[in-house]
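Below: the structure, in structure tokens.
Throughout, protein chains are lettered first and strands after them, A, B, ... in sequence-line order, and every chain is numbered starting at 1. Note that these values count all heavy atoms, side chains included, but never hydrogens, waters or copies made by symmetry.
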Amino acid sequence: MSNNLYIDFMISLLAGTIRISIPILLPALGQIYTQRSGILNLGVEGIMIIGALSGFVGAFFTGSLWFGVFSAVVAGLLFSLIMGFLSITIKANQVIAGTALTILGTSLASFLYRVIFGIRKLPPIIDSFPSLNFLGLSKIPVIGPIFFNHNILVYLALFLVFFTWFVLEKTTFGLKVKAVGEFPRAADSKGIRVGLIRYICVAIGGMYAGLGGAFMSIGYMDTYMDHMIAGRGFIAVSVVIFSRWDPKRALFAALLFGGANVLQMRLQSIGVNIPNQFLLALPYVLTILVLVGVSKKVAFPSAFTIPYSRNSK
Amino acid sequence: GAQEDNSDSRLKVALILPGKIDDVSWNQAMYDGMKTVEEMYADKIAVTYVEEVYEVADIEPAIRDFAAEGFDLIFGHGFQFMEPIIKVAEDFPDTCFALGTGFKTGKNTAVYDVTLGEGGYLMGILAGLLTETNKIGVVGGADVSEIYRGHEAYKMAAKSVNPKIQIQELYTGDWRDAATAKDGATGMYDSGVDIIWHSGDGIGLGVVNAAKTENKLAMGNVVDQNVLAPNNIISGIQYNWAPVIKNIIDDIINDNFMNRDDKYYWLTVANEGVQVTPFHSFESQISDEVVKTLQDAVTGISNGTIEVPHFQK
Amino acid sequence: MYLLWIELSRVGTMFNFMTEKAIKEAGKVIEKPLVQMIQIKKTFSGIPANDCVDFTLKEGSVHGLLGENGAGKTTLMNILFGLYEPDSGKVLIKGEPVKIHSPLDAMNLKIGMVHQHFMLVKTLTVTENIMLGIKSTRTPFLDTRMIRNRIIELSGKYGLDIDPDAKIWQLSVGQQQRVEILTAIFKGADILILDEPTAVLTPGESEDLFSILRELRNSGIGIILISHKLEEILAIADEVTILRNGVKTGETLVTPSTTKQELTRMMVGRDVLFNFTGKDVNIGKECLSLDHLCAIDDRGVQVLQDVSFSIKDGEILGLAGVDGNGQKELCQILTGLRKTTGGTIHLYDQDLLTMTPKQCIDNKIFHIPEDRQKSGLIMDWDVQKNLILKNYDSKSISGRFCLSEQRIGEQADTMIQEYNIKTPGREEVVKKLSGGNQQKIILAREMEGDPELLIASHPTRGLDIGAMEYVRQRILDQKANGAAILLVSADLEEIFQLSDRIAVIYNGRIMGIVSPDAGISKIGMLMAGIMETENVGVDA
Amino acid sequence: MNIIIKRSKTMAKQIWPSVLAIFFALLLSGFLLFATGHNPLRAYARLFDGAFGNLNRFAETLVKTIPILIIALGTSVAFKCKLWNIGGNGQYTVGAIAAVAVAVYVPLPYFIRIPLSLVASIVAGMIIGGGVGLLRAKMNANEVITTLMFNYIIMYFLSWLVNGPMMDPEGFGFPQTQLIPDQMKLQSIIPGTRLHFGLFLALIIVVVAFIFWKTRTGFRISLVGESHEVAQASGVSVQKHIVLTMMISAALPAIAGWIDVFGIHGRLQENLPGELGTIAIVVALLGGLNPIGIVFASLFFSALVVGGSTMQRFEGVPYSLVGIIQGLVIVFVICRVVYEEFKEKRRVKQLVH
Ligand SMILES: Nc1ncnc2c1ncn2[C@@H]1O[C@H](COP(=O)(O)OP(=O)(O)OP(=O)(O)O)[C@@H](O)[C@H]1O
Ligand SMILES: Nc1ncnc2c1ncn2[C@@H]1O[C@H](COP(=O)(O)OP(=O)(O)OP(=O)(O)O)[C@@H](O)[C@H]1O
Ligand SMILES: [Mg+2]
Ligand SMILES: [Mg+2]
């Protein structure tokens, strides 16, 4: 490969990596709150698809993409409250509650889409968020196409990395979240309402996941499809765990996964002689390898997946 | 719904689809074809549609159920229906079965198939002639036989008209994750590819979308996808299943089905089941030379002077 | 000498250790009630923890709350702090009837509480833990810097010596307790509840705490002090309330003439048995011997250094010492759960260091663990299953492949009877039983296997007097059966009652091994880390 | 006699809240059906008919029950040890792969090849499970992630096999393997239906599972699940049992894969397990991790799935609505504790007054 081609290849790879890791990063950031507060929400996949649909419907009927984003966030919030109710109020097993949420979410989204749009010859489409071009910054060689040629949701997601870090480390709310996940009884004795904080965290997780869903339908693509989340919610849950509940590391983990995915596609395209299934499996293999590398240090929030009740000893 | 009425003399037809009837692809083309025939033969047939019979284990009960309910003709739209249909057909010798691709037939079982190779060939000619960078691409879902045939013919044809051509090829490993396909296509465009054909299914929308955001050219599949991106979808191929369906139904009505020797119904360029879609707004930009070469290829394939090999892995 | 006094007074409750001059402060007693709790009733699954308790705290006074383990002291205070809601009864603060539904309500009423079990989040720093309980001045943002400065200031002022940036898990128990106290002081409460605050403090720290408390009292704050240490109560309290089995059995002003005997009688309902002795047992051959044992803890810190002692069949060796001086790790080593870094251990002729936990059990080493709920019992399982944890694979329980439900049941029934375990049935979930009965389950399980070596860690911690005596009797029975027994306890009363010899551990070292005749003062000195020359059996 | 009445009374008491929960879920779904122009009663009648209407349909329900039941039993072993094995799909797939590999490529007499292929499946499952268990025990690698990732990896591995080395040479390039020899397939129990002898294998596994929890190993596994600390103090090696648990837990889905290959598929194709893994998680938990409970839960769920398909076929109910009904049933069944808590509160109140 000539030098020039090599640079082009890397630019395309990195720009693609950023784009494709956003729908993993967004729900992962939300799940950092949720998991930090002690709740494992395996229903992210379901929430994301609900978000994707709501985002699209909102944007389609109002013509406003931002209204679409708003509807996705609200829908994600509302839908995640089911998880909150099951895991916090009912104190149900979180694995089954999350599974139920995924089944319900994927079916409900598919059902509502058909109800709203009927059967069409061609799918309804909208104009999705365009790439921003900060004062022509995207024209800067190399750096431009990698960093300055994305749509606004990408930058929003990157901002949310910082924002999530800030909330968790610098605000009273973040401190409460950590306390609730580690030692709910202590939090309770300090006057923190454990259930409320957990509800809020589940809801925030839902909002971020909803946003992640909207990114897929109106940020990345321009329409809704039943299978457009394609396991990204589950990947997000993994990313959260192996980034050890740290937003910055979550960004790297999402980039890593996204990068592996883009890399396999680029390698396929340029005709690397490896069966494509092996390349397709690459991101997942990489995830396990990284997980094994970092796990020794992983200490789960002490109250992870354990419901809290003041009266039980 | 199914007609319970005994006095109804119409042929009871069931169409079992593995995906959604509005997937802008494989399933939708068949659905549309069947709808056309149903309207045409409103007094002769009554059709029941079932979508998303995706799990292989659920196929046989579905077929058996329709057979047991007294349906006269059952379509299974995919090769995964082959084994179950052969098995059920033995138990219901009076029922007719039609299998969408595959290779096993029986007294009451026929195969209908599309010569995607011919379609791919035509697309390859177009891409080879239209490219300015001498780099073209093709994106497919899973690497299965009919898709493979299309891709191989595409590559062969492109090389035949443009010896300098470089071709990038990608399988996303999935029929429905359009976002991944979009990123794959984006990567191709980034590396200098200026025209991509996609070989169908939900992922095709990702390629169309990539063309739109990158403002490059793409070619559609299955249905005329120009409206999705009028400035980017230069052409494509579309299937018209109606003639083949009509053919099968006529055979049954005329008692020709069971004793027919050739149990293959082909959708071909020759019988206009596979067509090149119009150029729409690109009409004026396409040189007469290109139009002529394409037309020659169509004629050649139709009258057998050009023989597209039956590629096999 | 003063230090020694404090040290000794920390240690036992049965020894009357009044110093020359009464330490009680001559403070004015203000009559205005700060807290009135009237006819408080609270039951846990039918068993009353507080039964129609009245309690009054006056402004500017220190009120001692006494009672044996499980008497309901913590429960009463948890109710005042809003952690539990009472079944019935009223609470008045400064004369106003109030409903305290949560700690938040309590804090708004300016009630602060230092809990018996640390309420600290281990992964957070000291500053963060303190910030948890107070409203930030910069809400919604944290005012870390300000709080941090105040911590340094307060900690300097009261000599608490706390690093505001340390994570809780990095701190020693004593330091953690100081963080708890600091948290309470920080909030500037009108009413301060301290639930056994000195249990893990060093004598110096205790005295510092008391001077803080005196200062706070003089500034008008009402303090409720729960303690098992009567000396402390006599030293600082203005009044005491005494609970027994959830019922209030007395309330009295503390005057210079108040004696410990008086208080004890109210607490226990009778005079404490001073000469609680077992049958005379012939001491046999050497069962366990440790030679220069060394070990490190989970954090890699040296916890045991050159520990050497031996125990003979039919002998009880008491291991006295303040918690956290290596006792826990020693017990883990003896049961095969922890690796050592040096030295040898022999069980009769066998090398114990190479044994797996399973082999230790097979060699009849049994253990009554100090934290029964965490490492002794499966709280969600029923009584009978908890009773077979150590012998589920024995012939008496297992058939060829399967555990026999019938035999498990039969065994459970006999043990329930024999050990007088109060339970509705063998299928009752252990979580629902009282602490005493939970302890009896462990006792039954560990003793039923006829131990060669029995390690009893704090066997009576958290037990009422009846259960306590029962447990001690059972341990003596094992001795009579010829078991070698290592009794680990911070309770000197227990150590003196049961032991044939007493080893004192301090900072991972055996300070000395003495006979019970040596007297309390000597042991007290050893526990405080002051070495003596004369020993009665350190076999080095 | 008295005991029987008492037992069935307590059974009824335990089942009643679930029945109530299912009723409410169906009621709510009924509104959705009605709102989209379907007659809920007719649809539900179809659903019931589809699951139990005639011998063939009941047989289909049982055919579906077999893998769900076995995977759920496997999953439950891990769950009982508080290990979240959500890799049922992958483990099922490796079982199927091993089954076909031996059945097609090992030229030994059938009577050896059949048991050999079963052993191969079990071993394949154990290798995956053991790997996950080792990673968890030694490296502290969270098993939720590893099992999930293995699902994807194995899915692509299967895809590679059927498109590459194991593709049927006479299959015209379709992504599937050869059929296993007919003589090796599990015979039908009721001629004319697909119900095969795998059912007996499933029943044997249920019995074994039932007994397993009474064995020493079963006891030790549940002990480790409850508390690592207590288990260790009781002389049970926690690490060893984590690995063992994952091996057992993965071997069962692999057996389910074997049964499905020998009972229905006869070959490998892509996406063999479909939604089985997810349903099995739900079934294991709804069945209370108890073999008998799991039998009923899996029967119920496969009836829901099979009947749901029939409802979809003949009432034109969209596939997604069938999924919604499933989701609602799970949610409501989880909520049944609300009812139980409500009763408990009432009981306590009555006691106090
Ligand atoms: N949350 C609870 N659930 C069930 N029982 C409880 C609970 N809290 C306390 N109890 C029981 O209530 C009784 C009183 O307990 P409490 O903690 O108030 O005793 P205490 O006087 O503080 O004892 P100690 O000296 O050990 O601190 C005990 O029998 C205890 O087991
Ligand atoms: N803590 C431990 N560390 C290492 N190995 C252990 C530990 N505990 C038990 N084992 C091993 O586990 C195995 C099972 O122990 P045990 O002797 O109880 O077998 P068992 O009861 O006959 O087992 P099964 O119920 O399977 O027949 C033994 O080989 C023992 O060495
Ligand atoms: Mg207490
Ligand atoms: Mg002996």
Side-chain angles (χ1 to χ4, degrees), chain A residues 5 8-13 15-17 19-20 22-23 52 110 113-114 117-125 127-131 145 149 151 215-217 219-232 258 261-271 275-277 279-281, chain B residues 19-24 28-29 31-32 35 49 51-52 54 135 137-140 142-143 166-193 196 201-203 205-206 208-210 212-214 220 223-229:
Chain A
L5 271 177
D8 282 350
F9 182 80
M10 289 315 287
I11 290 174
S12 155
L13 192 73
T17 298
R19 270 194 304 271
I20 211 158
I22 298 301
S110 167
Y113 178 77
R114 181 62 63 80
F117 293 99
I119 297 165
R120 300 183 169 214
K121 210 158 177 90
L122 284 167
I125 55 172
D127 283 326
S128 53
F129 282 100
S131 299
N149 197 21
N151 71 41
F215 180 85
M216 292 304 288
S217 62
Y220 195 68
M221 296 292 294
D222 55 1
T223 186
Y224 164 87
M225 282 184 278
D226 277 352
H227 297 278
M228 70 188 325
I229 303 304
R232 289 181 175 85
N261 220 324
V262 176
L263 182 68
Q264 71 86 4
M265 283 191 288
R266 298 294 185 274
L267 290 178
Q268 256 200 70
S269 299
I270 60 174
N276 66 58
Q277 291 89 356
L279 291 171
L280 288 165
Chain B
K20 286 185 81 174
I21 52 186
D22 48 0
D23 70 346
V24 210
Q28 184 168 357
Y31 174 77
D32 289 344
K35 274 280 176 205
Y49 301 88
E51 50 180 341
E52 296 196 85
Y54 188 66
K135 284 184 185 171
V138 54
V139 178
D143 180 12
Q166 287 181 19
I167 307 167
Q168 299 193 3
E169 184 182 14
L170 172 71
Y171 290 106
T172 61
D174 182 288
W175 298 111
R176 338 190 249 205
D177 184 359
T180 299
K182 176 179 176 179
D183 199 76
T186 307
M188 288 183 180
Y189 287 132
D190 284 347
S191 68
V193 166
I196 300 176
D201 288 287
I203 60 119
L205 293 180
V208 172
N209 193 254
K212 201 163 104 182
T213 30
E214 298 289 308
V223 293
D224 185 352
Q225 293 177 333
N226 180 271
V227 287
L228 291 175

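Of the atoms belonging to B:Asp224, it is backbone heavy atoms, and not side-chain ones, that fall under 4.5 Å from chain A. Heavy atoms closer than 4.5 Å to chain B are found in the side chain of A:Ile125, but not in its backbone. Looking at A:Ser110, both its backbone and its side chain come within 4.5 Å of chain B, counting heavy atoms on both sides. Using a 4.5 Å cut-off between heavy atoms, A:Tyr113 contacts chain B through its side chain alone, with no backbone atom that close. Proximity to chain B is limited to the side chain of A:Asn276, based on heavy atoms less than 4.5 angstrom apart. With a 4.5 Å cut-off on non-hydrogen atoms, A:Leu280 touches chain B through its side chain but not through its backbone. Interface remark: B:Gln28 contributes side-chain atoms only to the contact with chain A (heavy atom separation under 4.5 Å). For A:Met228, the part lying under 4.5 angstrom from a heavy atom of chain B is the backbone only.
In this structure, the side chains of A:Ile11 and B:Asp190 stay at 4.5 Å or more apart for every pair of heavy atoms. Between A:Asp127 and B:Lys212, some side-chain heavy-atom pair lies under the 4.5 Å cut-off.
Taking chain B as the reference chain and counting heavy-atom pairs below 4.5 Å, the highest number among A:Pro123, A:Pro130, A:Ala230 is found for A:Pro123. Between chain B and the residues A:Arg120, A:Met216, A:Gln277, A:Gln268, the most heavy-atom pairs under 4.5 angstrom are made by A:Gln268. Comparing A:Gln264, A:Arg19, A:Met265 by how many heavy-atom pairs each has under 4.5 Å with chain B, the most go to A:Met265. Among the candidates B:Val193, B:Ile21, B:Thr172, B:Val227, the residue making the largest number of heavy-atom pairs closer than 4.5 Å to chain A is B:Ile21.
Legend: residues meeting side-chain contact (heavy atoms from CB on, under 4.5 Å) with A:Ser269, ordered by chain and number and at least two apart, are B:Gln168, B:Leu170, B:Met188. Remark: B:Lys35 engages B:Tyr31, B:Glu38, B:Tyr49 in a side-chain contact (heavy atoms from CB on, under 4.5 Å) (not counting sequence neighbours).
Atom OG1 in B:Thr213 sits 14.5 Å away from atom CZ in A:Phe129 (nearest 0.5 Å). Going from atom CG of B:Asp23 over to atom NE2 of A:His227 covers 10.0 Å, rounded to the nearest 0.5 Å. Taking CG of A:Asp226 as the start and CG of B:Asp22 as the end, the distance is 8.0 Å to the nearest 0.5 Å. One distance of note links CD of B:Gln166 with CD1 of A:Ile270; it measures 11.0 Å at 0.5 Å rounding. With values rounded to the nearest 0.5 angstrom, A:Tyr220 atom OH is found 7.5 Å from B:Thr180 atom OG1.
Checked for salt-bridge contact, B:Asp32 and A:Lys121 meet the test: a charged N lies under 4.0 Å from a carboxylate O. Between A:Asp222 and B:Lys182, no side-chain nitrogen of the basic residue sits less than 4.0 Å from a carboxylate oxygen of the acidic one, so the salt-bridge criterion is not met.
The nearest pair of heavy atoms linking B:Ala178 to A:Met225 is CB-CE, 2.9 Å. Residues A:Ser12 and B:Gly187 share a closest heavy-atom pair of OG-CA, 3.7 Å.
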